[in-house]
Amino acid sequence: QVQWVESGGGLVQAGGSLRLSCTASGLKFQDYSLGWFRQAPGKEREGVSCISWTGGSTDYADSVKGRFTVSRDNAKNTMYLQMNSLKPEDTALYFCAAVGVQECPPLSDMGPFGYWGQGTQVTVSS
């Protein structure tokens, strides 16, 4: 059974930073590309970032490019999302998920992703 432990969310002022972590168990971590997704109240879930199985390639939503950085440590079964210059519109529940391919699918296509975490809340105040 795959389980995720997500952490790092919280309340921060606009312009601040947070670092999210997602640690997996029950998964051959290095065989999966990994994604971050978010869902704000009243809105659909959207793709934020994805990192390939080796970490060699990444993808970002236009809204977070230049502000967010995704990384992974396969030895620790952990993926990270460094979020800088946070904006109130970044407020959402952030989820991690895995897909059993070497390279990331388009962020607009969440269908291939499985093994969803429970989410960690990020709130950015203005």
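Here the structure is a predicted model, which means the values were calculated and not measured.
Of all heavy-atom pairs between S49 and L81, the closest is CB-CD1, 4.3 Å. A pairwise comparison of heavy atoms in S126 and A14 identifies CA-CB, 4.4 Å as the closest pair. Closest approach of F29 and D73 over heavy atoms only: CE2-O, 4.1 Å. Closest non-hydrogen pair, G8 versus L18, comes out as O-CD2, 3.7 Å. Taking each heavy atom of V70 and W36 in turn, the nearest pair found is CG2-CD1, 3.8 Å. Taking both residues in full, the closest heavy atoms of W4 and A97 are given as CZ2-C, 4.1 Å, listed atom of the first, atom of the second, then distance.
If you chain together hydrophobic residues whose side chains sit under 4.5 Å apart, L93 and V5 never meet in one group. Under the 4.5 Å side-chain contact rule for hydrophobic residues, L34 and V122 share a cluster. Linking ILVMFWY residues whenever their side-chain heavy atoms come closer than 4.5 Å, directly or via other members, leaves L20 and L11 in distinct clusters.
No donor-acceptor pair under 3.5 Å is formed between the side chain of T58 and the backbone N or O of I51. S21 places no side-chain N or O within donor-acceptor distance of the main-chain N or O of Y80, the cut-off being under 3.5 Å. A distance-only check finds a donor-acceptor pair linking the side chain of N74 to the backbone of W53 [under 3.5 Å].
Note that the CZ atom of R19 and the OG atom of S71 stand 6.0 Å from one another [nearest 0.5 Å]. Between the OG atom in S33 and the CD atom in Q102 there is a gap of 8.0 Å [rounded to 0.5 Å].
Ionic pairing of D90 and K87 is not present here: no N-O contact between side-chain nitrogen and carboxylate oxygen is shorter than 4.0 angstrom.
When side chains are defined from C-beta on, E89 does not count as touching V124, because their heavy atoms never get closer than 4.5 Å. Under the 4.5 Å side-chain criterion, counting only non-hydrogen atoms from C-beta, V99 is in contact with P105. Residues M83 and R67 are not in side-chain contact: their nearest non-hydrogen atoms beyond the backbone lie 4.5 Å or more apart.
A perpendicular orientation is assigned to the rings of Y32 and Y115, their planes being inclined by more than 60° (bins at 30° and 60°).
Put simply, the residue from Q39, R38, E6 that forms a side-chain hydrogen bond (donor to acceptor under 3.5 Å, both in side chains) with Y94 is R38.
Side chains of N77 and T23: a donor-acceptor N/O pair is absent below 3.5 angstrom, by distance only.
In this structure, F37 has its ring center closer than 6.0 angstrom to the ring center of W116.
Surrounding CD of Q121 are more than 12 heavy atoms belonging to other residues, nucleotides or ligands, all under 6.0 Å away.
Applying the ring pair (Phe, Tyr, Trp, His ring centres under 6.0 Å) test to F95 and every residue at least two apart in sequence or in another chain returns nothing.
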Verify side chain to side chain donor-acceptor pair (under 3.5 Å) between E103 and S57, making sure each step is shown before the conclusion.
-> CA-CA 8 Å; E103 298 296 328; S57 62; 2.7 Å; yes
